[in-house]
Amino acid sequence: MTAEPPSAPSEPAVVTPFDTLPSPLDAVPELRAAARWMIASFGAVGVALVGGGPLVAVGKVHGLGEALVAGAALVVALTGVCLAVWQVSRVLVPPITTAATLGTPAARGLRELIDASPADFFGSAATGVDDLLRHRAVAVNIHRALAAETDPHRRAQLRGHLDRAKANIARTDPFVRWLLAMAHVWQIRAAFHEARRWCLLAVALVAAGAVAFLTVTGGGGKG
C-alpha cells in the first residue's frame with residue numbers, strides 16, 4: 001500500500017492593509033450626488049433670471065442706455081450660472097484611470113501622500129508607487145526579449161525571469177487595483193474641488209449681474 005503524495009501547498013492569500021476598509025469607489029456616488037445638487041441649485045437660479053420677473057421689470061427701463069445696462073447685467077448673471085453648471089458637470093463625467101494617471105497633476109497629491117509613508121499603504125510589497133508598478137513593465141520587457149531570443153540556454157533564463165516577474169505581479173495586483181481605484185476617486189475629488197472654486201466666481205457674477213439689473217429697473221421710474 002502506497003501513501004498518497006502530499007498535496008501542493010496553496011498560495012497564501014495576499015492581505016492588504018486596507019482589506020477591512022470600504023472601497024474608495026464607494027465615495028463616487030456621494031461626490032456625484034453633491035455635484036447634481038449644485039447643478040440643480042444653479043439651474044434654479046437660471047430659471048429665476050429668465051423667468052417672468054425680469055420681463056415685468058423691463059417695463060421700468062427707459063432709454064437705450066438703461067436697456068443696454070439691464071441686458072448686460074442679465075448676460076453677466078446668466079454667464080455665472082452657465083459657468084457653474086459647466087464646471088460642476090465635469091464631476092459627472094467618468095474619468096479614464098490607468099497607471100499613467102498617477103503621473104498627472106490631478107493625482108500628484110495622492111502620490112505624495114503614499115510616497116511619504118509607503119509602508120502604511122503597501123506594507124512590504126513595495127517602497128513606493130513606482131516600485132509597485134514596475135513589475136508589469138519588467139514582465140513586458142522580458143517577454144519582448146524572449147520573443148527575439150534564439151539561443152535555447154538564454155531563452156530558459158529569460159523564462160525563469162518571466163516567471164518571477166509574473167509572481168511579483170500576482171503578489172502586488174491587489175495593491176495595484178486599490179491604487180487605481182483610489183486614483184479614480186482622486187480625479188473626481190479634484191474635479192469637484194475645482195468646480196467649487198469656479199462656483200465662487202459664478203456666485204460673484206450672478207450677484208453682480210442681479211444687483212446691476214435691479215438697480216436699473218428699480219430706478220427707471222424716476223427718469
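Quick caveat: nothing in here was measured; it's all calculated off a predicted structure.
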>> Between His135 and Arg171, is the side chain to side chain contact (heavy atoms under 4.5 Å, CB included) condition met? List the steps.
In response: CA-CA 10 Å; His135 301 297; Arg171 177 175 57 87; 4.0 Å; yes

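- Closest non-hydrogen pair, Pro95 versus His184, comes out as O-CE1, 3.2 Å.
- Note: the hydrophobic cluster containing Leu162 also contains Leu158 (ILVMFWY, side chain heavy atoms under 4.5 Å, direct or indirect links).
- Rounding to the nearest 0.5 angstrom, the gap separating the CG atom in Leu146 from the CZ atom in Arg159 is 5.5 Å.
- The two atoms that bring Leu102 and Ala183 nearest to each other are CD2-CB, 3.7 Å, heavy atoms only.
- Taking Val88 as the reference, Ala35, Met38, Ile39, Ala195, Cys199 meet the side chain to side chain contact (heavy atoms under 4.5 Å, CB included) condition, with sequence neighbours excluded.
- Heavy-atom contacts from other residues, nucleotides or ligands closer than 6.0 Å to CZ of Arg155 number more than 12.
- By the criterion of side-chain heavy atoms lying less than 4.5 angstrom apart, applied directly or through intervening Ile, Leu, Val, Met, Phe, Trp or Tyr residues, Leu205 is not grouped with Leu78; the two fall into different hydrophobic clusters.
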> Going through the distances and angles, do Arg197 and Gln87 end up as a side chain to side chain contact (heavy atoms under 4.5 Å, CB included)?
Replying inline: CA-CA 9 Å; Arg197 290 191 290 269; Gln87 292 296 328; over 6 Å; no

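- At a threshold of 4.5 Å between side-chain heavy atoms, the hydrophobic network of Ile, Leu, Val, Met, Phe, Trp and Tyr places Val81 and Val211 in two separate groups.
- Put simply, CG on Leu74 and CZ on Phe213 are 4.5 Å apart, with the number rounded to the nearest 0.5 Å.
- Closest heavy-atom contact between Ala212 and Ala73: CB-CB, 3.7 Å.
- For Asp163, there are no salt bridge (Lys or Arg N to Asp or Glu O under 4.0 Å) partners two or more places apart in sequence or in a different chain.
- The shortest distance between side-chain heavy atoms of Ile188 and Arg32 falls below 4.5 Å.
- In this structure, the separation between NZ on Lys166 and NE2 on His143 is 6.5 Å, given to the nearest 0.5 Å.
- The CD atom of Glu149 sits 13.0 Å away from the CD1 atom of Ile142 when rounded to the nearest 0.5 Å.
- Within a 6.0 Å radius of CG in Leu200, other residues, nucleotides and ligands contribute more than 12 heavy atoms.
- Hydrophobic clustering (ILVMFWY, side-chain heavy atoms < 4.5 Å, transitive): Leu113 and Leu133 are in one cluster.
- To the nearest 0.5 Å, atom CD of residue Gln187 and atom CG of residue Leu110 are 10.0 Å apart.
- The shortest non-hydrogen separation linking Trp178 to Pro24 is NE1-CG, 3.7 Å.
- Here the closest non-hydrogen pair linking Phe42 and Ala202 is CE2-CB, 4.1 Å.
- Between Arg111 and Asp130 there is a salt bridge, with a side-chain nitrogen of the basic residue lying less than 4.0 Å from a carboxylate oxygen of the acidic one.
- Each of Val91 and Trp86 belongs to its own hydrophobic cluster when Ile, Leu, Val, Met, Phe, Trp and Tyr are linked at side-chain heavy-atom distances under 4.5 angstrom.
- Crowding of His193 atom NE2: a count of heavy atoms from other residues, nucleotides or ligands under 6.0 Å exceeding 12.
- Side-chain contact between Gln157 and Pro152 is absent, with no heavy-atom pair separated by less than 4.5 Å.
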> Going through the checks in order, is the side chain to side chain contact (heavy atoms under 4.5 Å, CB included) test met by Val206 and Val45?
Replying inline: CA-CA 9 Å; Val206 171; Val45 173; 3.9 Å; yes

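- Nearest approach of Ala106 to Trp186, heavy atoms of both residues: O-CD1, 3.0 Å.
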>> Checking Ile114 against Leu179 for the side chain to side chain contact (heavy atoms under 4.5 Å, CB included) test, could you report, in this order, the C-alpha distance in whole Å, the side-chain angles of both residues, the deciding distance, and whether it holds?
In response: CA-CA 10 Å; Ile114 294 175; Leu179 182 60; 3.4 Å; yes

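- Remark: Arg134 CZ to Thr127 OG1 distance equals 7.5 Å, nearest 0.5 Å.
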